[in-house]
Amino acid sequence: MEIVLNDYHKNVNAIKMAKVAYWKTHPLSRNESLKRLRILREQRLVYTKRTAFYGKFQTYYAI
C-alpha cells in the first residue's frame, strides 16, 4: 500500500522541516538548554504527583 499525502500533510511537513532547519543554524546556548530542561522536569514532577495521588483528571495543589 502506497502512502499518499494530501496538501495539509505536505504543508505540516514543510513547516516542521523549516523549524528543524532554523534550529540547526541557531542552536540554543548551554544555559538556555538547561533552563528549558529544568522547566520540563518541574512540569513532569507536577504531572506525576497529580496522577499518582489524585487521579488523572484532577489538579495537584502543593501545600
Side-chain angles (χ1 to χ4, degrees):
M1 177 178 217
E2 184 178 341
I3 298 174
V4 179
L5 297 177
N6 61 20
D7 291 335
Y8 170 78
H9 291 99
K10 290 178 183 176
N11 188 25
V12 169
N13 287 342
I15 291 170
K16 287 182 182 180
M17 293 304 293
K19 289 179 182 180
V20 169
Y22 174 82
W23 286 111
K24 281 185 178 180
T25 58
H26 299 87
L28 292 176
S29 67
R30 184 174 190 277
N31 289 336
E32 185 66 27
S33 296
L34 293 175
K35 178 181 170 186
R36 290 186 182 197
L37 285 173
R38 181 182 52 80
I39 292 170
L40 287 173
R41 273 190 234 111
E42 290 172 357
Q43 290 173 346
R44 186 183 315 124
L45 180 64
V46 168
Y47 177 76
T48 56
K49 284 183 179 180
R50 180 180 67 198
T51 56
F53 296 115
Y54 294 104
K56 188 172 184 180
F57 298 107
Q58 295 179 357
T59 56
Y60 172 75
Y61 297 100
I63 297 174

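This structure is a prediction, so every number in the text was calculated from the model and none was measured.
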From the options L40, V46, L45, select the one residue that forms a side-chain contact (heavy atoms from CB on, under 4.5 Å) with Q43.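 Of the listed residues L40, V46, L45, the side-chain contact (heavy atoms from CB on, under 4.5 Å) partner of Q43 is L40.
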For R38, what residues pass the side-chain hydrogen bond (donor to acceptor under 3.5 Å, both in side chains) criterion, not counting sequence neighbours?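 Scan of R38 (side-chain hydrogen bond (donor to acceptor under 3.5 Å, both in side chains), adjacent residues dropped) gives E42.
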Exercise answer: donor-acceptor pairs, residues 10-28 side-chain atoms, under 3.5 Å, sequence neighbours excluded:
unit_1, atom_1, unit_2, atom_2, d
N13, ND2, H9, O, 3.4
T25, OG1, A21, O, 3.3
T25, OG1, Y22, O, 2.8
H26, ND1, Y22, O, 3.1

Show which residues join I3 in its hydrophobic cluster (side-chain heavy-atom contacts under 4.5 Å, direct or indirect), or state none. L5
Listing, residues 29-36 side-chain donor-acceptor contacts under 3.5 Å, not counting sequence neighbours, or none:
unit_1, atom_1, unit_2, atom_2, d
S29, OG, E32, N, 3.2
E32, OE2, R36, NE, 3.4
S33, OG, S29, O, 3.1

